[in-house]
Amino acid sequence: MANEAITRCRHIISSLEQDYEARLQSRAASGHTSSSSSSSSSHPSALGTVAKKKNGTLSSANTPLYGPATEDGPNPAVLEALTDAERRTTEEDARWMRRVLLDLDDMSDTICRVIDSAELCRNVHASADFRDAASNVCLQMSSYIHRLNANTLLYQLLEVYRTNPAVQGFLTAEENTVASLHQAEFEASGIHLPDEQRNEIVQLQERISNLTLSFGQVANNSPPMAVEVPRSAMSRLPKTFMLDDLPSGSSPDSVVLACDGERANAVLKWSQHAETRKQVFIASNMRAPENLEILDQLLRTRTELAKRLGYNSYASLVLRANVAKSPEVVQVFLTDLWRGLQRKAHAEMELLSEEKRKWEPNEPSAIYGWDRGFYTGVTKAKKHELNGATLAEYFSLGNVLDGLATVCDHVFGVKMRIVGAHATELWSSDVIKVEFSNEEEGVLGYCYLDLLRRDGKSNQAANFGIEFGRIERNDQFRLPRWAIICSFARPSLRRPTLLTHSDVETLFHEFGHSLHLLFSRTRFQHTSGTRCAVDLVETPSTLMEFFVWDPRILPLFAKHYKTGKPLPASMIRNLRASKNMFSAIDTQHQVLLSLLDQTFHHLYATKDHPKTASGNPETTVDMLRRLQNMYTTIPFEEHTHWHTHFSHLTTYAGSYYTYLFCRVFSTSLWYKYFQKDPLSREAGNKLRSELLRYGGSKDPQSILRTLVGAPSVKDFIRSMQEEIEVTENSEA
């Protein structure tokens, strides 16, 4: 599959090269000389007007002078500025540029269909051999991508866009966006550097790909530590935990617990035995120690890459294309948010300490990492009469999927139905294929749901694109295909898969990414669906989370798996009331994760790398300890290193803050468009037409301004305190 994709790309490149040479010869024979066919660019290996360095970073030589073409034709400002001869030349340049962009997109599409499928399979395939083979394909294709991004011929093909700004006025807005994206990607791969230095950039990128893959493999495959705990310490755990399946310890009164993510989280949430929780917390956060060294190498290599490209840090490199633009802007956003949380976070901690004193009167009332989940749960349950196990009985997996279908139907007019799938489409017998359609457009796309836990499968929820939709050259829309991955408990003979409310929120979140994939209508897969600015991509997903808290939505699908009775209004009120009870502590933790990511990618291995009190450079553990003790109310526990299985350090490198950034945006969206009526088709149409349809083809800041103006951190913090009151008033 990989070799076939590479062969096809080589054929496209060969065809483009031949046509480019013919174009140059034709221009020379006709005596044309223009900004797009200067003597400095008469050979594909010459870089002509390569962007010059400015203030240590690349600066595009192509400063936008004209707006894009309109539906009626070229931008009038361009036509007014050009002579007839210049117009004919520019029209020809624009036709050439359009052909180049479409061919580059065919290459991108060919590669992405292979690497996206391989990325999915290496995380979820039932066969270990298949997972290993998929990992090798990912490495092979990543290496090929790095070489393509350093290909001077391909960069030369974009010369018309760089050197003749009038071409912009003959290209659509999306074509201009794609051209500028390709240009930035080439320049971020060192296209401006001499051959030897450019090859070194490719080697650094390949090393980053290898280290990223290694980090993920160690995090996923590292065996969990086992601890022996009293059987009595597990008495409060839900029946779905299947305590009888655990091996006995050294005595009949104990069991041996493998502290993987799901089991550890269950104990930390439900066990009343503090010492057991502490054992499990420490054991589960000492996993994958090999990743300490891998992460150190990865961060150093990323910093070296950024420096070679003229940036002070890796975060500066990756943020240049985001809404935030710089690490300094992100730091201000995160610290402003952190300050706004302080008062509420301390009040929440006092509630937890008060509850802890009742359960452990002879112990310090300070809240530690192993206390947070348990005391948060019991405090919520006591104050709001919530029982998580009882609540889960209203959230069978089938009912929750019905809820997604109901929201999708009402808000977007789209039906969901399970359809048959060919055996070659599926990677496990757990997978089901879902078709999306509406009356006007017919079938819109296909989603593969892989929602149950199994050995060898990543336990992290995710949405994987398999084949992104795009409008083809014949104006036919190619249907998108994608997969939603979760790791919920498998059903038993006595009961179906039951979800916690947090699980329900997770599934709706991942479905939000599906909306981007489903409704994107771009001519280039390079800007299709979730291929957009990283600090915009989480907006649909965080917006979908609001639905699972709304008292008008929950009764539509939250029904008891035995009786079919809807979730009682009293339980909905209590669930709603509990939502923001510890929201400041929860958000504080997200701020910590974001600051950790920023510190790793903005300071690590730079001249500003922080020092310990003894003057030695801080390790990643030192940084984690300092940041956690500074920015959260829960102290760091020595000898732990939970960041060694925090996969977002590799996938969202320098951009993890986007979860919080997008939550601010989605909060504004919810209150403006959905608060009055969460099933509003008008609101759904607005979301589709002004956000989802563009994918990454429109400036994200323009999308923000059109929909909500300027999202406010203060509004986000206020929503934590006012959301219950607002919703209840809207019901009255």
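Nothing here was measured: the structure is a model prediction, and the numbers come from that model. Below, each value reflects all heavy atoms present in this structure, side chains not excepted, and no hydrogens, waters or symmetry copies.
- No side-chain donor-acceptor contact under 3.5 Å links E538 and H516.
- In summary, the side chains of Q197 and R308 do not present any donor paired with an acceptor at a separation below 3.5 Å, with no hydrogens or angles considered.
- Side chains of S142 and E206: no donor on one and acceptor on the other come within 3.5 Å.
- Using a 4.5 Å heavy-atom cutoff, the side chains of N123 and I485 are not in contact.
- In this structure, a donor-acceptor pair under 3.5 Å is present between the side chains of T527 and E174.
- Using modelled atom types, one finds a donor on one side chain and an acceptor on the other under 3.5 Å when comparing D535 with Y657.
- Side-chain polar atoms of T606 and K307 form no donor-acceptor pair below 3.5 angstrom.
- Checking T619 against D296 by side-chain atom types alone, no donor-acceptor pair falls below 3.5 Å.
- No salt bridge links D260 with R287; every basic N to acidic carboxylate O contact stays at or beyond 4.0 Å.
- Under the 4.0 Å criterion applied to side-chain N and carboxylate O atoms, R663 and E545 are assigned as salt-bridge partners.
- Judged by the 6.0 Å and 45° rule, R470 forms no cation-pi pair with F524.
- With 3.5 Å as the limit, one finds no donor-acceptor pair spanning the side chains of Q460 and S487.
- Under the 3.5 Å distance criterion, with hydrogens and angles disregarded, a donor-acceptor pair is assigned to the side chains of H601 and R302.
- A salt bridge does not link R626 with D622: none of the charged nitrogens is closer than 4.0 Å to a carboxylate oxygen.
- Residues Y448 and I484 fail the side-chain proximity criterion, which asks for heavy atoms closer than 4.5 Å.
- Shown here is E638, whose CD atom has more than 12 heavy atoms of other residues, nucleotides or ligands within 6.0 Å.
- Judged by distance alone, the side chains of D105 and S108 never bring a donor and an acceptor atom under 3.5 Å apart.
- Taking the centre of each ring, H513 and H509 come in below the 6.0 Å mark.
- In this model, a donor atom of one side chain and an acceptor atom of the other lie less than 3.5 Å apart for S143 and R147.
- Of the options Q590, Q598, H648, a side chain to side chain donor-acceptor pair (under 3.5 Å) to Y656 is made by Q590 and by none of the others.
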### Task
Go through E510 and S541 one step at a time and tell me if the side chain to side chain donor-acceptor pair (under 3.5 Å) criterion holds.
CA-CA 6 Å; E510 297 305 334; S541 55; over 6 Å; no
### Task
Could you check E304 against R300 for salt bridge (Lys or Arg N to Asp or Glu O under 4.0 Å), going step by step and ending with a plain yes or no?
CA-CA 6 Å; E304 179 63 23; R300 291 183 183 281; over 6 Å; no
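- H602 places a side-chain heavy atom less than 4.5 Å from the side chain of E328.
- Within the 4.5 Å cutoff, the side chain of L295 has no heavy atoms near those of the T644 side chain.
- Judged by a 6.0 Å distance limit and a 45° cone about the ring axis, R693 is not positioned over the six-membered ring of F519.
- The pair R122-D116 fails the salt-bridge criterion, with no side-chain N (NZ, NE, NH1 or NH2) lying under 4.0 Å from an Asp/Glu carboxylate O.
- You'll find the side chain of H146 stays beyond 4.5 Å of the side chain of L204, heavy atoms only.
- Of the N and O atoms on the side chains of Y155 and H182, not one donor lies less than 3.5 Å from an acceptor on the other residue.
- Side chains of Q297 and R207: a donor-acceptor N/O pair is present below 3.5 angstrom, by distance only.
- Side chains of S655 and T658: a donor-acceptor N/O pair is absent below 3.5 angstrom, by distance only.
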### Evaluation steps, side chain to side chain donor-acceptor pair (under 3.5 Å), between T650 and T212
CA-CA 6 Å; T650 59; T212 297; 5.5 Å; no
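- Atom NZ of K611 has more than 12 neighbouring heavy atoms from other residues, nucleotides or ligands inside a 6.0 Å radius.
- Side chains of T620 and H643: a donor on one and an acceptor on the other come within 3.5 Å.
- Aromatic ring centres of Y604 and H609 lie closer together than 6.0 Å.
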